[in-house]
2 protein chains.
Amino acid sequence: MPKTNLCRVMEESVDQAVEGNAQGRIRKANIERIMKAAEKVFASSGFRGSTTAAIAAEANLPKANIHYYFGTKEKLYRAVLDDIVDLWLSSFKGLGENDDPAATLSEYIRGKMELSQRRPEASRVFANEIIRGAPRINSYLSTELKDWVEEKSAILDKWIEQGRMASVDSKRLIFHIWIMTQTWADFEAQWSAILGRKNGLEPLDFDMATNAIITTVLRTCGLVPLPPRH
Amino acid sequence: MPKTNLCRVMEESVDQAVEGNAQGRIRKANIERIMKAAEKVFASSGFRGSTTAAIAAEANLPKANIHYYFGTKEKLYRAVLDDIVDLWLSSFKGLGENDDPAATLSEYIRGKMELSQRRPEASRVFANEIIRGAPRINSYLSTELKDWVEEKSAILDKWIEQGRMASVDSKRLIFHIWIMTQTWADFEAQWSAILGRKNGLEPLDFDMATNAIITTVLRTCGLVPLPPRH
DNA sequence: GTCTATAGACGGATAGAC
DNA sequence: GTCTATCCGTCTATAGAC
């Protein structure tokens with residue numbers, strides 16, 4: 001299991017929180033509550049627009065506790081970002097060289113869509129950071145994520161060379177899969193307004209989107225027969 | 001020509017600024033400078049993260065002038081948003097019923113990509129507003145934009161019915177075109193980090209992206225022959 | 001119409017009681 | 001470990017001189 005940020009925060013104060021202690025349990029529970037609340041508030045207001053008071057209210061804790069556990073708002077934000085990076089990296093398992101292209105791509109898309117549906121706030125915090133120019137996660141983007149893309153696009157290129165799928169721009173294909181899936185979390189407000197959903201997107205919307213994305217990707221890769229015309 | 005927001009701001013103070021006057025010209029030039037600066041600052045810092053001082057500095061004007069021309073930061077922000085909405089709507093001309101599907105879709109994609117390349121800040125201001133839940137533009141999304149999508153997806157459906165293109169989920173196809181093109185403005189920081197571009201995306205990156213998007217859309221619509229395998 | 005100087009509100013952070 | 005009260009910097013907005 002990857003070392004999550006929660007673990008890191010816990011470790012920093014290991015002297016105060018021995019596993020199993022009443023204090024340790026309270027500490028852990030409060031840190032989790034604060035980070036969950038912070039993710040929600042940061043997603044809807046951005047870093048600068050979020051106030052520690054709003055996060056405290058969302059977590060049902062007094063404002064001073066935020067500073068007691070995390071020191072500064074900046075440190076809390078970085079803790080939330082780190083957790084999201086861990087979540088992202090854990091979703092990157094798929095795409096092995098010997099897998100079946102169509103099944104692997106479909107499964108990868110399904111996994112990304114489930115993440116958009118289950119953790120939309122995490123996606124929005126991340127998206128916001130990137131729009132701002134990714135000041136705090138640039139090193140992650142240009143190392144781990146860059147390496148992952150190069151590794152996986154090489155696999156796609158190999159599949160193409162072996163005639164197992166049609167010729168495509170493999171990196172751009174990966175980028176397209178990411179944004180088509182993440183947009184259902186990031187831009188939910190836009191899609192639900194256009195689709196006329198008064199109470200946000202429904203599970204059916206995610207199913208239809210998943211199918212549309214899989215269709216687009218498989219047709220792009222020539223992994224399904226040319227669709228019939230009327 | 002559509003009534004731009006700049007026009008609206010001008011009209012509000014028509015008593016002070018008769019066309020042709022020295023005052024009128026200064027006023028117009030200053031409003032344009034402020035709005036251009038504001039778009040840049042809002043794009044990189046969000047509404048809350050942007051200060052009127054930063055906008056004034058970017059526009060090379062004293063801070064008080066911002067308030068003199070726009071009253072409040074909120075009003076300036078709405079003026080910038082309105083201008084972007086005008087820009088978006090003007091990019092929505094294409095897609096007529098009697099056009100050629102492949103040519104029309106390609107041209108539409110090219111136009112959207114040019115907009116991403118030419119006005120990335122505008123795109124980012126808009127994206128930021130949507131991530132926040134689109135509080136200020138919800139009415140625009142659920143009326144004009146919704147109507148546009150319904151009109152254009154009906155045309156796509158007609159093309160499908162007439163056997164001029166393969167069966168696709170027409171609304172999702174439009175959404176996919178939007179995000180695949182806009183992401184090159186909104187998430188530029190991510191893509192340039194992954195592609196290893198130290199100084200941001202290059203014109204070639206936009207060309208490659210344009211080609212990849214056109215390929216994806218045309219293959220999805222069955223408008224190009226199934227690509228050859230090795 | 002322009003700009004300096006400042007009022008006034010807000011929010012991050014902390015001291016210190018419990 | 002918890003929470004109230006408060007400090008102090010920052011930012012929006014405006015008054016008033018030019």
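Note on naming: letters A, B, ... go to the chains in the order of the sequence lines (proteins, then strands), and numbering restarts at 1 for each one.
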Given atom [atom1] of [X] and atom [atom2] of [N], what is their separation to the nearest angstrom?
X     : N      : atom1 : atom2 : result
A/K75 : C/dT14 : NZ    : C1'   : 14 Å
B/L61 : C/dG1  : CG    : C1'   : 12 Å
B/I34 : C/dT2  : CD1   : C1'   : 12 Å

Between [N] and [X], is there an OP1 or OP2 to side-chain N/O distance shorter than 4.0 Å?
X     : N     : answer
A/N30 : D/dT2 : yes
B/N65 : C/dC3 : yes
A/Y68 : D/dC3 : no

Among residues at least two apart in sequence or on other chains, which ones pass salt bridge (charged side-chain N to carboxylate O under 4.0 Å, His left out) with B/R119?
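With sequence neighbours excluded, B/R119 shows a salt bridge (charged side-chain N to carboxylate O under 4.0 Å, His left out) to B/E39, given in chain and number order.
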Sequence neighbours excluded, which residues qualify as salt bridge (charged side-chain N to carboxylate O under 4.0 Å, His left out) partners of B/K36?
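Partners of B/K36 under the salt bridge (charged side-chain N to carboxylate O under 4.0 Å, His left out) test: none.
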Do you see a donor-acceptor pair shorter than 3.5 Å between the side chains of B/R132 and A/N128?
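Indeed, the side chains of B/R132 and A/N128 share at least one donor-acceptor pair under 3.5 Å.
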Give me the distances for all protein-to-nucleotides 9-13 of chain C N/O pairs that come in under 3.5 Å?
{"from": "C/dG11", "atom 1": "OP1", "to": "B/R48", "atom 2": "NH2", "distance (Å)": "3.1"}
{"from": "C/dG12", "atom 1": "OP1", "to": "A/S50", "atom 2": "O", "distance (Å)": "3.1"}
{"from": "C/dG12", "atom 1": "OP1", "to": "A/K73", "atom 2": "NZ", "distance (Å)": "3.0"}
{"from": "C/dG12", "atom 1": "OP2", "to": "A/T52", "atom 2": "N", "distance (Å)": "2.9"}
{"from": "C/dG12", "atom 1": "OP2", "to": "A/T52", "atom 2": "OG1", "distance (Å)": "2.8"}
{"from": "C/dG12", "atom 1": "N7", "to": "A/K63", "atom 2": "NZ", "distance (Å)": "3.4"}
{"from": "C/dA13", "atom 1": "OP2", "to": "A/H67", "atom 2": "NE2", "distance (Å)": "3.2"}
{"from": "C/dA13", "atom 1": "OP2", "to": "A/K73", "atom 2": "N", "distance (Å)": "2.9"}
{"from": "C/dA13", "atom 1": "N6", "to": "A/K63", "atom 2": "NZ", "distance (Å)": "2.9"}

A/K112 with A/E107: basic N within carboxylate O range, under 4.0 Å:
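Answer for the salt bridge query: no.
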Between OG of A/S50 and NZ of A/K73, what distance do you get to the nearest 0.5 Å?
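Atom-to-atom, A/S50:OG and A/K73:NZ are 6.0 Å apart.
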Show your working on side-chain hydrogen bond (donor to acceptor under 3.5 Å, both in side chains) between B/W184 and B/S123 and close with a plain yes or no.
CA-CA 10 Å; B/W184 292 93; B/S123 190; over 6 Å; no
When you measure from the side chain of B/Y69, which nucleotide among C/dT2, D/dT2, D/dG1 comes out closest?
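Output: C/dT2.
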Which one, D/dT2, C/dC3, C/dT2, comes nearest to the side chain of B/I26?
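For B/I26, the side-chain atoms sit closest to C/dT2.
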